[in-house]
K.L.:
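Submitted below is the structure of interest, expressed as structure tokens.
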Amino acid sequence: MKILNLAWRNVFRHRRRTLITAAAISVGLAVMIYMDTMMNGLDNLAAGNIIDFETGHLEIFAKGYYREEGLFPLDTIIENPEFILQRIAKIKTIKGVTPRIKFQCRVNNGIDELPVLGIGIDIEKEPKVFETANTVVKGEYLKNPDDILIGKDLAKDMDLDVGSFLTIITRDRYGTYEAYDFTVSGLINTGHPLLDRNAVLMHINIAQRLLSMYGITELCIKTRDDNKLMQLKNEIAGKIGKDFEVYTYKELNAGIFDLSEMKRSGQFMLALVVVIIAAIGIINTMLMAVMERIPEIGMLKAMGFGNYNIVKMFIYEGGIIGIFGSLFGCFLGLLASLHLVYYGLDLSHMLENIDIIYPVKFIITGEINYMTVLSVFIFGVVVSVIVTLWPVRKATKLQPVEALRHV
Amino acid sequence: MVEMIDLYKDYKVGKVLFPALRGITLKIEDGEFTAIAGPSGSGKTTLLNIIGCLDIPTKGDVLIDGTSMTTLSTKQKAEFRKNELGFVFQTFNLIPVLTAYENVEMPLILVNMPAEEKKERVISILEEVGLSEFINRKSNEMSGGQQQRVAIARALVKEPSMVLADEPTANLDSMNAKEILSLMKELNKKKKTTFVFSTHDPLVMEFAERIIYLRDGKIASDKKK
Ligand SMILES: Nc1ncnc2c1ncn2[C@@H]1O[C@H](COP(=O)(O)OP(=O)(O)OP(=O)(O)O)[C@@H](O)[C@H]1O
Ligand SMILES: [Mg+2]
């Protein structure tokens with residue numbers, strides 16, 4: 001208690017030193033929290049784009065269709081979607097269902113050819129699940145049978161525009177090459193790179209004709225309550241039987257949502273760099289602050305303070321500064337994060353020409369993870385205590401005179 | 001009683017060893033009022049530091065009441081300093097951001113004593129060294145002589161059984177020096193406190209009952225009055 005008292009008073013005595021040290025902690029922590037908020041925001045936007053344009057909340061496939069991401073087989077398809085539609089028609093939490101056909105194909109503009117994902121859509125049902133119809137930035141939505149929608153980036157890459165002709169080349173269900181001529185009816189700008197650069201949208205019956213099949217590859221479902229996604233998934237799975245499989249959008253995009261995958265994706269590295277920079281800032285100032293006071297440690301020893309009490313005093317001081325610095329850092333971080341949550345960060349001009357794999361829109365809005373804030377707080381306090389401990393331990397090994405003479 | 005047995009202390013200066021003490025054998029009885037004199041660089045400070053267990057000798061031993069200091073653990077040495085010793089440094093070594101009061105209070109932090117009594121003691125010792133007006137002055141805002149008196153008050157406040165004072169009057173005028181020395185003499189008579197000074201000051205030698213002269217790290221003479 002006496003020592004804590006002394007430590008408390010020391011913290012306020014060395015006002016300038018305390019302020020600088022606490023500021024280093026605060027800035028470090030604030031950056032960590034802000035980065036995390038931004039990362040969460042990115043994840044949310046990615047999820048939003050996937051839900052709004054790529055898969056919906058849930059997708060139903062024929063059993064054995066879904067093997068891994070990026071594979072679009074035509075040997076196991078849903079031959080009779082009506083059967084499923086009837087079975088799930090009564091589930092209240094389903095907001096909309098729409099069929100899609102996804103298949104690999106190539107776009108040819110007469111000069112160049114690019115591999116893309118062909119998507120056949122049912123223009124009647126599509127708006128109940130997806131937002132594609134609202135993202136046409138030039139021209140119009142699908143109307144005539146040979147209309148095709150392409151992303152604005154693909155249009156740029158292939159020098160196409162509304163009214164341009166293009167040919168889609170693919171292999172049908174039986175492996176035979178097929179080609180079909182389309183007219184670009186509109187350009188879409190979704191913010192999802194898959195849709196904007198790597199896919200084309202056509203009428204589902206045209207896709208069926210092209211692939212010589214009657215069925216579809218998937219049914220996409222939008223729910224009213226995305227908190228109970230797993231529940232809905234199980235309910236649907238129970239109703240449709242063993243011939244079909246249901247996946248959530250998270251399962252279908254494990255690469256983006258999986259934590260272990262995230263580590264590989266560079267996000268983790270970025271977070272680590274931020275943590276290290278913050279720690280170095282704290283270590284630096286804390287170290288200086290303690291080194292400065294090594295003669296004082298000598299004096300305390302001369303007065304009969306044992307190493308135990310000296311170490312204790314400095315741990316308390318480091319802890320107190322750590323707590324204040326961390327509190328303020330969390331406050332700052334939260335403040336900056338709230339700005340990101342409510343106003344967002346407009347990256348549209350930055351992302352114009354960058355081909356990012358991450359499916360995000362142009363404005364990042366953050367999401368605060370309070371667990372992160374708590375762990376960052378603990379991190380700040382622990383780092384400041386450990387950092388104090390090290391030079392103080394060294395100083396206690398000196399003879400009192402050596403410490404007194406230390407500069 | 002403090003006994004020094006054939007003490008040697010070498011300082012390492014770069015790669016060479018500089019001998020500061022070269023075979024000191026000496027006995028200081030309880031209740032002595034002793035001055036260690038000698039030219040600058042003769043080893044006075046070094047000797048005091050070793051007596052106070054603030055530094056370790058290169059060779060030889062110090063026995064305090066029969067206990068060898070070289071066998072004590074760091075913790076035991078700290079205990080000894082806490083319970084028995086008061087130190088006045090040549091360079092004062094006050095904590096600059098602390099007030100006179102707070103500096104003097106420091107040694108009492110480890111002592112079990114009612115807060116009221118601590119306060120009384122600190123204030124009365126500061127009065128006795130003539131600093132009653134400077135109680136709340138920060139030590140880095142005081143003159144050299146004032147700082148020296150704070151350092152003396154800090155050494156005396158615990159009423160230790162032995163006070164080691166390194167040139168305690170170097171920054172004081174003769175008036176102040178006399179007062180301080182009288183105060184110490186009084187403590188020495190009343191409480192049997194042992195005082196060991198290092199000094200150049202004739203006044204201190206006048207007060208001292210025993211004067212030990214050092215030269216080049218050796219005892220040149222040892223006179224009792
Ligand atoms: N830390 C040190 N490193 C190297 N040499 C030292 C060190 N401390 C003291 N010395 C040397 O040891 C010798 C004795 O020093 P000491 O401080 O004991 O002298 P002193 O008698 O107290 O002198 P003064 O009267 O000037 O205070 C001196 O020659 C000094 O240069
Ligand atoms: Mg000296």
Side-chain angles (χ1 to χ4, degrees), chain A residues 1-22 288-317 320-321 392-407, chain B residues 9 11-12 20 45-57 73-99 101-113 115 118 138-140 151 154-155 157-158 160 164 166:
Chain A
M1 201 51 220
K2 280 177 282 189
I3 300 290
L4 179 60
N5 216 330
L6 185 61
W8 180 264
R9 276 155 53 181
N10 279 343
V11 167
F12 291 99
R13 260 170 214 143
H14 300 84
R15 229 168 279 142
R16 190 177 46 109
R17 189 177 64 81
T18 301
L19 264 164
I20 293 172
T21 321
M288 297 255 294
V290 177
M291 295 302 246
E292 219 178 74
R293 283 171 66 201
I294 286 181
E296 191 181 320
I297 293 177
M299 191 57 232
L300 292 172
K301 285 184 141 191
M303 287 191 298
F305 276 69
N307 287 340
Y308 172 76
N309 281 330
I310 291 170
V311 170
K312 199 156 105 180
M313 182 178 99
F314 275 91
I315 287 180
Y316 284 150
E317 284 187 36
I320 292 168
I321 294 175
V392 171
R393 282 293 305 166
K394 264 182 75 174
T396 57
K397 299 227 160 65
L398 298 174
Q399 291 297 323
V401 218
E402 292 170 325
L404 277 167
R405 226 181 268 130
H406 196 276
V407 273
Chain B
K9 177 70 184 177
Y11 286 114
K12 220 178 195 157
T45 300
T46 308
L47 186 59
L48 283 184
N49 285 342
I50 290 174
I51 297 174
C53 302
L54 298 184
D55 209 351
I56 37 175
S73 69
T74 322
K75 203 175 163 185
Q76 286 168 316
K77 283 190 204 169
E79 278 295 304
F80 164 68
R81 287 194 294 263
K82 180 178 119 189
N83 298 328
E84 312 289 340
L85 268 193
F87 246 102
V88 183
F89 289 95
Q90 193 170 5
T91 47
F92 319 142
N93 291 314
L94 301 174
I95 298 172
V97 290
L98 300 193
T99 62
Y101 181 94
E102 289 165 332
N103 265 294
V104 175
E105 190 195 17
M106 284 299 269
L108 293 183
I109 283 173
L110 298 174
V111 180
N112 276 322
M113 191 190 286
K118 283 187 189 175
K138 279 194 182 150
S139 56
N140 57 0
R154 183 175 63 182
V157 72
K158 266 191 314 196
L164 303 170
D166 200 357

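Here is how names work: the chains are called A, B, and so on, in the same order as the sequence lines, proteins then strands, and each is numbered from 1. All heavy atoms count here, side chains included; hydrogens, waters and symmetry mates do not.
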K.L.:
To the nearest 0.5 Å, what is the distance between CZ (A/Phe305) and CE (B/Met106)?
P.N.:
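Reported value, rounded in 0.5 Å steps: 5.0 Å.
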K.L.:
Count the heavy atoms of every other residue, nucleotide or ligand shown that sit under 6.0 Å from OH of A/Tyr308, and state whether that count exceeds 12.
P.N.:
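Counting neighbours around OH of A/Tyr308, 12 or fewer heavy atoms of other residues, nucleotides or ligands fall under 6.0 Å, so no.
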K.L.:
How many angstroms lie between CD1 in B/Ile109 and CG in A/Leu6, if you round to the nearest 0.5 Å?
P.N.:
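Nearest 0.5 Å value for the CD1-CG distance: 4.0 Å.
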K.L.:
Please flag which part of A/Arg9 lies under 4.5 Å from any non-hydrogen atom of chain B: side chain, backbone, both or neither.
P.N.:
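Contact with chain B involves the side chain of A/Arg9 alone.
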K.L.:
Please report the interatomic distance CZ(B/Arg154) to CE(A/Met303), rounded to the nearest 0.5 Å.
P.N.:
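The CE atom of A/Met303 is 5.5 Å from CZ of B/Arg154, to the nearest 0.5 Å.
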K.L.:
Measure A/Leu300 against the heavy atoms of chain B and call it side chain, backbone, both or neither at under 4.5 Å.
P.N.:
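For A/Leu300, the side chain is the part near chain B, not the backbone.
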K.L.:
Side chain from CB out, backbone as N, CA, C, O: work out which of these in B/Asn49 comes under 4.5 Å of a heavy atom of chain A, or both, or neither.
P.N.:
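Side chain only.
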K.L.:
So which of B/Glu84, B/Glu102, B/Glu79 has the biggest tally of heavy-atom pairs under 4.5 Å with chain A?
P.N.:
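Maximum pair count with chain A is reached by B/Glu102.
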K.L.:
Could you tell me which portion of B/Val157 (side chain, backbone, both or neither) has an atom closer than 4.5 angstrom to a non-hydrogen atom of chain A?
P.N.:
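When you check distances to chain A, no heavy atom of B/Val157 falls under 4.5 Å.
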K.L.:
Do other residues, nucleotides or ligands put more than 12 heavy atoms under 6.0 Å from the CE atom of A/Met291?
P.N.:
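Not more than 12 within 6.0 Å, no.
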K.L.:
Please classify the contact of B/Gln76 with chain A as side chain, backbone, both or neither, using a heavy-atom distance under 4.5 Å.
P.N.:
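No part of B/Gln76 comes within 4.5 Å of chain A.
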K.L.:
Rounded at 0.5 Å granularity, tell me how far CG in A/Asn10 sits from CG in B/Leu98.
P.N.:
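That separation rounds to 7.0 Å.
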K.L.:
Considering only heavy atoms from C-beta outward, does the side chain of B/Phe89 approach that of A/Met299 to under 4.5 Å?
P.N.:
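Side chain of B/Phe89 against side chain of A/Met299, heavy atoms only: contact under 4.5 Å found.
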K.L.:
What I'd like to find out is whether the side chain of A/Pro400 reaches to under 4.5 Å of the side chain of B/Lys77, using heavy atoms alone.
P.N.:
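Heavy-atom side-chain distance check fails, nothing below 4.5 Å.
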K.L.:
Mind ranking B/Arg81, B/Lys75, B/Lys82 by heavy-atom pairs under 4.5 Å with chain A and telling me who comes out on top?
P.N.:
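The candidate making the most pairs under 4.5 Å is B/Arg81.
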K.L.:
Chain B heavy atoms under 4.5 Å from A/Arg405: which part of the residue, side chain, backbone, both or neither?
P.N.:
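When you check distances to chain B, only side chain atoms of A/Arg405 fall under 4.5 Å.
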K.L.:
Could you tell me the separation between the CD atom of A/Glu296 and the CD1 atom of B/Ile95, rounded to the nearest 0.5 Å?
P.N.:
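The CD1 atom of B/Ile95 is 4.0 Å from CD of A/Glu296, to the nearest 0.5 Å.
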K.L.:
Please round to the nearest 0.5 Å and tell me the distance separating atom CG of A/Leu404 and atom CG of B/Leu54.
P.N.:
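Here the interatomic distance stands at 7.0 Å.
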